[in-house]
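To start, the structure itself, in structure tokens.
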Amino acid sequence: MVKQKDCTIDSGLYSKIEVYLKNKDIKFIEKAYNFAKDAHEGQLRLSGEDFFEHPKQTAIFLADLKLDSSTIAAALLHDVVEDCDCDSEDIERIFGLDVSRLVDGVTKLSRNDVIGDSEFFPNANFLDDKPEDIAQAETLRKMLMAMADDVRVVLIKLADRLHNMRTISYLPPNRRLAMSRETIEIYAPLAHRLGIWEIKWLLEDLSFQQINPQEYKNISKRLNSKRQVRESYVEKIVSQIENELSNQDISSEVYGRPKHIYSIHKKIQKYSEINREVSEIHDLFAVRIIVDEIKDCYAALGVIHTKYHPLPNQFDDYIANPKDNLYQSLHTAVLGENSLPVEVQIRTKDMHEVAEYGVAAHWLYKEGVESDKAFEEKMTWLRQLLDWQRDASGAVDFVESFKTDIFQNQIFVYTPNEDVIELPIGATSLDFAYRIHTDVGHGCVGAKVNGKLVSLNHELNNGDTVQIMTSKTMKGPSHDWINPSFGYVKTASARTKIRHWFNRQERQTNISRGKELFQKLGRLDLDVEEQKVAKLLRYKNTEDLFVSLGDGSLTTEKILNRLTISEKKPTKLNHVETPKTGPASGIQVLGVGDLYTSIARCCNPIMGDSIVGFITRGRGVSVHRQNCSNILSEDESERLVTVTWGETKTLNPVRIQLKCEDRLGLLGDVTSIISNEKINIANINTEEYDDMVFISLTVYTSGIEQLDRLYTKLEAVSGVLGVIRLRSIENKRV
Ligand code: MN
């Protein structure tokens, strides 16, 4: 045994590791201890203490969880690569691949923090500030990847965060809040998922204290004021239970269980939703019984239920149905002395270890990682989940789906071959089908639960055996499946898969629909070229542009907007001057003096058209459309000036023509649509030609956008075959 006096590790850490590690492990940790201490020499945290205190405390916490020597060493070294003159090759050379991989993993995660260690370490460069939710999503994604890769990385990160939370008071207030939010939204749920209650409670309470200091104070005051009463009450119950159990020859440890402030806060919130109040002390009693064997758990439960009156709906058997984080226990609540409710948890020592340490229990007393079936399954599941999430569209979506698929309570159902499938509560038979395989989901036509035929949106229960029927001629999912109101799927992974299917199917349809819509823009006689527009709106190619238009994520209004904005950039400036606004026309002439402007009658541009000014002799600037034939044939190009549409909304006349099949009341319908749009009509003219009716109208519009809207409405009128814009407002047929 390495004696403390022969070891350079200080007693705080030494006393934790000597309990469970062998000599060679302690020696190994000592090497890492001294290496990190030297590397951080002279560095101080914001608190003023030596920086090394931070990795040391991180390691101590992991030693409490009795983790293997590589993890403890990596914890000591976790900030060395980032903050010191030392790289991961040095770590690998000196401490081996296992440790260097762990350190690399933690370093990578830390680059993503909303707030990093650099905050505690004034000499380090600041990380770039990202919007909080995006940063969170990235953190989460990376944490999950690391978890699937080697969960010890995440354990180190959790311990690292725990120490940073404990020393949070040295941070400026806004940073404290950001870090606390990240902790309570990402880190604590992960600790929960990993079953490490100890870290979960601590992180939650520390964050809650920052996020809601007032409520934190209220609750802790309440706990303290009743502490005496509570403790003596719990003591009494504990000794009663001990007696009863030993009378039945069940050996056990019984003790009171502290309740945590944040969990009480959540309980208060939950109660207030159902208009109940948490009574002063009642809900704060909790007792835990640890026994030797599983059969003792049930025997102890029997004793408790005989001695005290059990409360209805409070019994949960997590031994027969372990939670997804491997947690096992019996939970019940009974009326104790003076009819005060007491929560009771009963479990074996092994279960207790898992309950306290969660996945960390897999490294207990073990060297390196041994394979463990339940644990491996867990990680396989996680890897799968990550695969699905990769399909989810954005970072924020990702967090959303994470919240439904990971943080929700789970149910366990069986395949006909008795394989266990884990799904969130509320999952349906269709979710099950998609969980089995994407193609099973797409081809799913029916389901049997426990041998009975059920609907695809049938909600599954714990323990169900589910059989999926698929059709050989796979026609693919139905649109209803992603309609939330029908409740076909609960899991984000199934929804993502269905959406993908439709996206693929609909790409072709969307391309042609998008093309059609795009051509309508051309019909407005705008200078729109597909390549140009795709480039302007940052699409990879015109096909992608059409898809967006087709599926509605891009609208023609948006294109019009962009075109109008981009054309406001003057291109042929001779010299720069403040834009002048011509009288009443809403047009700005760039680069020349205060000039009178007028709209050219030959091409009659309206707001939104690409325009150019022509300096007339004596009548100021006449404004033409860029593709006006008079302008194109103009030789005196020096008389052309750049003009743009100003901010003032002026109504300009435009002549449009509808091609229609005649019917009774057609003209009335057309005119009422136009006036509903609050557009004035100046002149209507109808002509018959080739069995068709051509209605030509002059309307006063505020611009291209309004005109586009009007087109859509007019085209919906029965009998109207098409609408075009006439070049000139002169009354003539084209
Ligand atoms: Mn750190």
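First listed ligand is number 1; within each ligand, the first listed atom is number 1.
- Two residues are said to be in side-chain contact when any heavy atoms from C-beta on lie closer than 4.5 Å; Met179 and Met165 meet this criterion.
- Residue His163: no N/O/S atom is found under 2.8 Å from the Mn ion (ligand 1).
- No other N/O/S atom of Asp79 lies as close to the Mn ion (ligand 1) as OD2 does.
- As for His78, its N/O/S atom nearest the Mn ion (ligand 1) is the one called NE2.
- The closest approach of Asp160 to the Mn ion (ligand 1), by N/O/S atoms, is made by OD1.
- Under a 3.5 Å cut-off, the side chain of Asp90 and the backbone N or O of Asp87 do form a donor-acceptor pair.
- Under 3.5 Å, the side chains of His40 and Asp79 contain no donor-acceptor pair of N or O atoms.
- Taking the six-membered ring where tryptophan is involved, the planes of Tyr318 and His331 are perpendicular, since the angle between them exceeds 60° and thus also 30°.
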